[in-house]
Amino acid sequence: MSPAAKQTRIRTAVFPVAGLGTRFLPATKTVPKEMLPIIDKPLIQYAVDEAVEAGCDTLVFITNRYKHAVADYFDKAYELEQKLERAGKFEQLDLIRNVLPPNVRAVFVTQAEALGLGHAVLCAKAIVGDQPFAVLLPDDLIWNKGGTGALKQMADAAEATGASMIAVQDVPREQTSSYGIVATESFESRQGRISGIVEKPEPDVAPSTLAVVGRYVLSPRIFDLLESTKPGAGGEIQLTDAIAGLLKQEPVNAYRFKGTRFDCGTHIGLIEATIRYALDHEKLSDVAMRLMQNALDELGVKDIH
Ligand code: G1P
């Protein structure tokens with residue numbers, strides 16, 4: 001392809017979903033953590049909706065051999081559709097038919113060994129090809145009520161600048177060892193060029209408190225770098241380490257997205273997201289508020305602080 005024809009708008013989104021989800025055992029013994037719901041939608045659906053909104057029409061799921069539930073979820077459910085149709089339950093029928101819009105295709109790639117996030121992304125190389133693409137970690141649920149989703153914000157910025165984009169947010173210094181942490185040049189509006197990135201540094205050596213959140217728009221050059229990335233933090237092939245190589249070759253920007261991020265890879269994040277979505281739900285908010293008040297009253301809680 002000639003350089004002039006090179007695409008700058010992302011079309012492909014990669015969802016690494018091969019993790020074991022041990023934090024949510026015993027539920028995750030049979031239910032992949034990406035299938036845990038916030039109210040009635042699994043986490044993976046929120047991430048997929050965000051990618052589709054950003055303009056992606058090819059969704060690549062990096063799974064493992066135990067995670068049939070994710071593929072089943074995006075497959076057609078003939079029997080269920082027939083039953084709902086016969087029962088005249090058209091609203092529910094729409095819900096299960098529209099997990100993916102008709103122009104969007106889902107591709108499943110098995111990651112044979114759990115070698116880390118960087119390795120999972122590398123598994124998508126043959127499908128992504130030589131085009132910029134997105135990575136979404138469904139654990140990170142980003143809520144921007146009524147506004148543009150985080151990935152679309154980033155894809156628009158990437159298209160305008162030609163730079164790779166990494167979503168970031170400030171975290172308390174004692175939490176740096178849970179995240180990729182970036183060092184940046186000064187920010188203009190929501191973007192700042194990244195000058196360094198390190199995976200899970202201890203607070204005393206972290207270059208900043210600006211943490212990577214699970215949304216990335218990446219140049220395809222990342223694949224060459226991933227191929228030669230050695231195991232890093234936790235003995236895993238880290239996406240962060242390949243990004244550290246990328247930013248020596250091309251501009252990579254940190255992007256402070258608009259929205260609230262819930263870390264649904266933790267119990268607290270999942271509870272927080274559930275409460276927030278319930279309180280904001282068009283049919284459930286009143287009753288959710290009442291139930292919460294009742295629960296607090298019953299427990300004799302007067303002042304939470
Ligand atoms: C991954 C990334 C890390 C990033 C985090 C965001 O870590 O490796 O850089 O900050 O996601 O959720 P994990 O949470 O998979 O350990």
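None of these values were measured; they are calculated from a predicted model. All ligand and atom numbering here is 1-based and tracks the order in the structure.
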Exercise. In terms of atom number and element, which parts of ligand 1 are under 4.0 angstrom from non-hydrogen atoms of T240?
Worked result: 9 (O)
Exercise. Looking only at N/O atoms, are E199 and ligand 1 under 3.5 Å apart anywhere?
Worked result: yes
Exercise. Got the closest protein heavy atom to atom 15 (O) of ligand 1, with its distance?
Worked result: K200 NZ, 4.7 Å
Problem set entry | Residue part near ligand 1, for L239, under 4.0 Å between non-hydrogen atoms | neither
Exercise. What part of D140, side chain from CB on, backbone N/CA/C/O, both or neither, has a heavy atom under 4.0 Å from ligand 1?
Worked result: side chain
For this session: For residues L136 and V14, determine if any side-chain heavy atom of one lies less than 4.5 Å from a side-chain heavy atom of the other.
Result: no
Exercise. If you measure from CD on E272 to CH2 on W143, what distance do you get to the nearest 0.5 Å?
Worked result: 10.5 Å
Problem set entry | Test item: T240 and V198 side chains (from C-beta on) under 4.5 Å apart, heavy atoms | no
Exercise. Can an N or O of V213 be found at a distance shorter than 3.5 Å from an N or O of ligand 1?
Worked result: no
Exercise. What atoms of ligand 1 come within less than 4.0 Å of a heavy atom belonging to Y179?
Worked result: 10 (O)
Problem set entry | Pair Y73 + F61: ring centers closer than 6.0 Å | no
For this session: Starting from atom 10 (O) of ligand 1, find the nearest protein heavy-atom neighbour and note its residue, name and distance.
Result: V212 O, 2.6 Å
For this session: Indicate, with yes or no, if the rings of F133 and F223 have centres closer together than 6.0 Å.
Result: yes
Seminar exercise, completed: protein heavy-atom neighbour closest to atom 1 (C) of ligand 1 works out as L137 CD1, 4.0 Å
For this session: Show your reasoning for whether salt bridge (charged side-chain N to carboxylate O under 4.0 Å, His left out) applies to D140 and R215.
Result: CA-CA 8 Å; D140 282 331; R215 299 291 182 278; 5.2 Å; no
Problem set entry | NZ or CZ of R256 within 45° of F187 ring axis and under 6.0 Å | yes
